Visitor: 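Pasting a structure below so you can have a look.
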Amino acid sequence: MIKISHLKKEYPSATPLRDVNVEIHKGDVISIIGPSGTGKSTLIRCINMLETPTAGEIWVDGECITDKKCNINKIRQKMGMVFQSFNLFNHMNVIENIMAAPVDLLGKSKQEAYDKGIELLRTVGLADKAFNYPDVLSGGQKQRVAIARTLAMEPEIILLDEPTSALDPTMVGEVQAVIKDLAKKGLTLMIVTHEMRFAREIANRVFYMDDGGVYEDGTPEQIFDNPQRERTIRFIKHLKVFEKLITSKDFDFIGFNTELEEFGRRNQVPQKTIYRGGSVFEELVMQCLLPNLEKEFHLNIAFEYAQGTETLSMSLKYDGAHFDVRNTPNIVSLAIAENASESIEYTEMDADGFTNLVSVKIK
Amino acid sequence: MTIEKILDGTRLTVAIAGRLDTTTAPQLEAELKQSYDGTEKLVLDFAALEYLSSAGLRVLLAAQKVMNKQGEMVIRNVNETINEIFEVTGFVDILTIE
């Protein structure tokens, strides 16, 4: 139904979408999740051309909508959009808001549009508000009207951009219930959301967005219970990460320690734990690894703190010859590192240019 | 790291505060080298030492070797965390910890 290939969107200061390749099938209900700034909203705004892609193609029902010759207004009629900020016309009452587009764009008679509008208001539980103006409605009611208005255009696809994030928490439920009803009706939905439980319940597919594209695509069970890729795992498990790439033996060790301590304070890592983390880092990296690495090297270090389980782990990835740091002749450093760790594991790897991986669970 | 030295005849007390690690250990090493002459008892006061790594241990070991020849060396006011480092590395058997 929608096919996106090599979609890129670049702004002067950021490139939220670098290379998106994805296919959306009729009847898919897709939750789009991921950290801020990863292009979730940009993606759905590109799909109905509210944003013009920098490169790439988007096909909707066999028509290339990124082609300049494409009649985008015709395509847009197939796609409804629900915004975070409702975007109702405040000078029109509720039913007028809903009737405007079907009368103007679909050429429906006023009676027809009115009847349909009332019916839709019933489905979102607001038939008694038909003659009220938006400014007397609550946020949740406004958003339900906005959804009814979108439905009045009889779209095949509905794009929802954080539909509940501007709402008071008490009103989130009523709007989510309406969206769940839409999902059951077989409409194709794409929903950008930060509410993980909702994302999981409503969707048959979840896009985890990161690193310039759809980083992981799977069923809700796959993404939430068994994520496969590194960034997805971090996001799902609420991992707090402190990561650095070291490429010189003269790197700023003092600055590194200061940042590590700051990371610990910010994420409520117990002081003793962060102390041990720093100690393992110094013994394994400064004392055992750096003297062994070649002149030109890349060493990626990541501390991950899982707030749920209150566990700190450290991973070291480095290039060059295979070297198991546990075989270091420096037994004093190794003894200190081992004492501060639950486990130190080594594996040979071959990814992203790295050949060695050390995984440490800090005590 | 800050280092404070008090000389009382042939007895030198060196109080070390902060971190004794890869970057600061050479500083302590240099300070001690200047002070060995005429010292018969070297007291290292660790009351304000917060962190000790193997780099620091190496400096302590070198100091112990020097003092073995010309007198004695003791380490005082060792906190629990630092003591753990001495224990797991076997340094408790080499150093005199009071």
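For clarity, every value in this text was computed on a predicted model and none was experimentally measured. The figures that follow rest on heavy atoms only: side chains count, while hydrogens, waters and symmetry mates do not. Residue numbering restarts at 1 for every chain, and letters A, B, ... go by the order of the sequence lines.
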Visitor: Who are the side chain to side chain donor-acceptor pair (under 3.5 Å) partners of B:Glu84, not counting sequence neighbours?
Guide: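 If we apply the side chain to side chain donor-acceptor pair (under 3.5 Å) test to B:Glu84, skipping adjacent residues, the hits are A:Asn339.
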
Visitor: Mind ranking A:Gln287, A:Lys272, A:Met286 by heavy-atom pairs under 4.5 Å with chain B and telling me who comes out on top?
Guide: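 The answer is A:Gln287.
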
Visitor: What's the spacing between A:Glu282 CD and B:Thr23 OG1 if we round to 0.5 Å?
Guide: 7.0 Å

Visitor: For A:Glu294, does the CD atom have more than 12 heavy-atom neighbours from other residues, nucleotides or ligands under 6.0 Å away?
Guide: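 Count not over threshold, so no.
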
Visitor: Identify the residues of residues 42-51 of chain B whose heavy atoms come closer than 4.5 Å to a heavy atom of chain A, ordered by number, or report 'none'.
Guide: B:Glu50, B:Tyr51

Visitor: Do any pairs count as a side-chain hydrogen bond (donor to acceptor under 3.5 Å, both in side chains) and have a residue in residues 349-363 of chain A, sequence neighbours left out, and if so which ones?
Guide: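 Qualifying pairs, neighbours excluded: A:Tyr346-A:Asn356.
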
Visitor: Got more than 12 heavy atoms from elsewhere within 6.0 Å of CD, A:Gln271?
Guide: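 It does not: A:Gln271 CD has 12 such atoms or fewer within range.
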
Visitor: Might you confirm whether atom CD of B:Glu4 has over 12 heavy atoms from other residues, nucleotides or ligands at distances under 6.0 Å?
Guide: no

Visitor: Would you please go through residues 240-259 of chain A and name the residues with a non-hydrogen atom below 4.5 Å from one of chain B, in numerical order?
Guide: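 Those residues of residues 240-259 of chain A which have a heavy atom under 4.5 Å from chain B are A:Phe253, A:Ile254, A:Asn257.
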
Visitor: Do you know which of B:Ser53, B:Gly90, B:Ala55 has the most heavy-atom pairs with chain A at a distance under 4.5 angstrom?
Guide: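 Winner by heavy-atom pair count: B:Ser53.
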
Visitor: Would one find more than 12 heavy atoms of other residues, nucleotides or ligands at under 6.0 Å from atom CG of B:Asp37?
Guide: no

Visitor: OG1 of B:Thr89 to CD of A:Glu283: how many Å apart, nearest 0.5 Å?
Guide: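 Rounded to the nearest 0.5 Å, the OG1-CD separation comes out at 9.5 Å.
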
Visitor: What are the two closest non-hydrogen atoms of A:Ile336 and B:Ser54, and how far apart are they?
Guide: CD1-N, 3.8 Å

